[in-house]
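Have a look at the structure below, then the notes.
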Amino acid sequence: MKSLSLDRGMRGAIAWAFTAFQPEAPFEVRLESGEMRRFGSSGEVAQAIENGELSRTLSYLVAAKIRPLVFLQDRPRGALPEYAALKLARFTKLPPVHQQRVRDLDEPGLFYLPCDAAKYGLRQENAVDLNSLVRIHRSAIVTSPVGRLDESEIDALGRRLATFLDIDLQPAIREGVLNRLEKLAAEQRRGAP
């Protein structure tokens, strides 16, 4: 694997990183003493916190694995060491009928990436899983970008993600258009005799 270099930025980059699975019941929690304790439900964990048996910030034992991710943003100022990213779904894990639906762009929750090792750095077809938004700490990124989405793919992915997550972009778009029209009108007035 390549050494880690983020010089070109991470927006649209595909890189390998450690991603943890979400904690789920039964919960394995590390106590301040270092001892592990098992809780059968989130309610039991909350009760132990309320009773003062656990601190409010917990260490859970969770599984993790290295997987390819599509990074959605840059951190040019380095103010935050975390990135928003989406997991990739391997086609080999999808039934053939479902694979074709993704290729035909008939699956709103999956964004198709064809097999193009030179562009994406991956040896097989994949799909960006729009339901798998994760935060990745810089220290969990294992490789430099192995591939990248181009600007049109980043744009299409962003629009699909906004639609899939039911984010209303119309007010922001309307405001942007109105601001641009005001600037153009002001420029025309300054240039007019």
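P145 approaches A15 most closely through the heavy-atom pair CA-CB, 4.1 Å. Pairing each heavy atom of R38 with each of P26, the nearest pair is NH1-CG, 3.2 Å. The nearest pair of heavy atoms linking T92 to Q124 is CG2-OE1, 3.4 Å. Of all heavy-atom pairs between F39 and A48, the closest is CE2-CB, 3.7 Å. Summarising the geometry of R148 relative to A13, their closest heavy-atom pair is NH1-CB, 3.6 Å, with the distance given to 0.1 Å. The two residues A127 and L110 have their closest heavy-atom pair at CB-CB, 3.9 Å.
Although no hydrogens or angles enter the test, the distance criterion places a donor-acceptor pair under 3.5 Å between the side chain of D129 and the main chain of N131. With hydrogens and angles disregarded, no donor-acceptor distance shorter than 3.5 Å links the side chain of N51 to the backbone of E53. The backbone N or O of G40 sits less than 3.5 Å from a side-chain atom of E44, completing a donor-acceptor pair.
Ion pair R37/E28 not flagged as a salt bridge, since none of the NZ, NE, NH1 or NH2 atoms sits closer than 4.0 Å to an Asp/Glu carboxylate oxygen. A salt bridge links E153 and K119; the closest N-O separation between the charged side-chain nitrogens and carboxylate oxygens is under 4.0 Å.
A continuous path of hydrophobic side-chain contacts links V128 to W16 [ILVMFWY only; heavy atoms under 4.5 Å]. By the rule that hydrophobic residues join a cluster once side-chain heavy atoms approach within less than 4.5 Å of another member, L105 and L130 end up as members of separate clusters. V29 and M36 are members of different hydrophobic clusters when ILVMFWY side chains are connected at heavy-atom separations under 4.5 Å. In the hydrophobic clustering of this structure, L149 groups with L133; members are Ile, Leu, Val, Met, Phe, Trp, Tyr whose side-chain heavy atoms approach within less than 4.5 Å, directly or through other members. No single ILVMFWY cluster, assembled from side-chain heavy atoms under 4.5 Å apart, contains both L86 and V102.
Here the side chains of M10 and Q73 are not in contact, with every heavy-atom distance at 4.5 Å or above. At a threshold of 4.5 Å between non-hydrogen side-chain atoms, the residues P114 and Y120 count as touching. Between V70 and I154, the closest side-chain pair of non-hydrogen atoms is not below 4.5 Å. In this structure, S55 and E32 have side chains that are in contact, with non-hydrogen atoms separated by less than 4.5 Å. Between V45 and L54 there is a side-chain heavy-atom pair separated by less than 4.5 Å. Looking at E35 and R30, their side chains never come closer than 4.5 Å, going by heavy atoms from C-beta outward. A heavy-atom distance below 4.5 Å is not found between the side chains of L72 and R11.
Atom-to-atom distance recorded for Y83:OH and R135:CZ is 10.5 Å, nearest 0.5 angstrom. Note that CG of L113 and CZ of R103 are 12.5 Å apart. Values are rounded to the nearest 0.5 Å. One distance of note links OG of S41 with CZ of F27; it measures 7.5 Å at 0.5 Å rounding. Taken from OG1 in T163 to CG in D168, the straight-line distance is 10.0 Å, to the nearest 0.5 Å. The distance from the CD1 atom of I141 to the OG1 atom of T19 is 12.0 Å, given to the nearest 0.5 Å. Here CZ of R180 is found 13.0 Å from CG of L178. Values are rounded to the nearest 0.5 Å.
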**Request:** Take L122 and L88 through the test side-chain contact (heavy atoms from CB on, under 4.5 Å) and record every step on the way to the result.
**Result:** CA-CA 11 Å; L122 304 168; L88 297 182; 3.5 Å; yes
**Prompt:** Please walk me through it: do I14 and N126 pass side-chain contact (heavy atoms from CB on, under 4.5 Å)?
**Reply:** CA-CA 12 Å; I14 298 171; N126 280 271; over 6 Å; no
**Item:** Candidate pair T143 and I66, rule side-chain contact (heavy atoms from CB on, under 4.5 Å), full reasoning
**Value:** CA-CA 10 Å; T143 68; I66 298 174; over 6 Å; no
**Prompt:** Is there a side-chain contact (heavy atoms from CB on, under 4.5 Å) between F21 and K65 once you walk through the steps?
**Reply:** CA-CA 8 Å; F21 295 92; K65 70 179 183 178; 4.2 Å; yes
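For Q99 and Y112, the side-chain atoms include no donor-acceptor pair closer than 3.5 Å.
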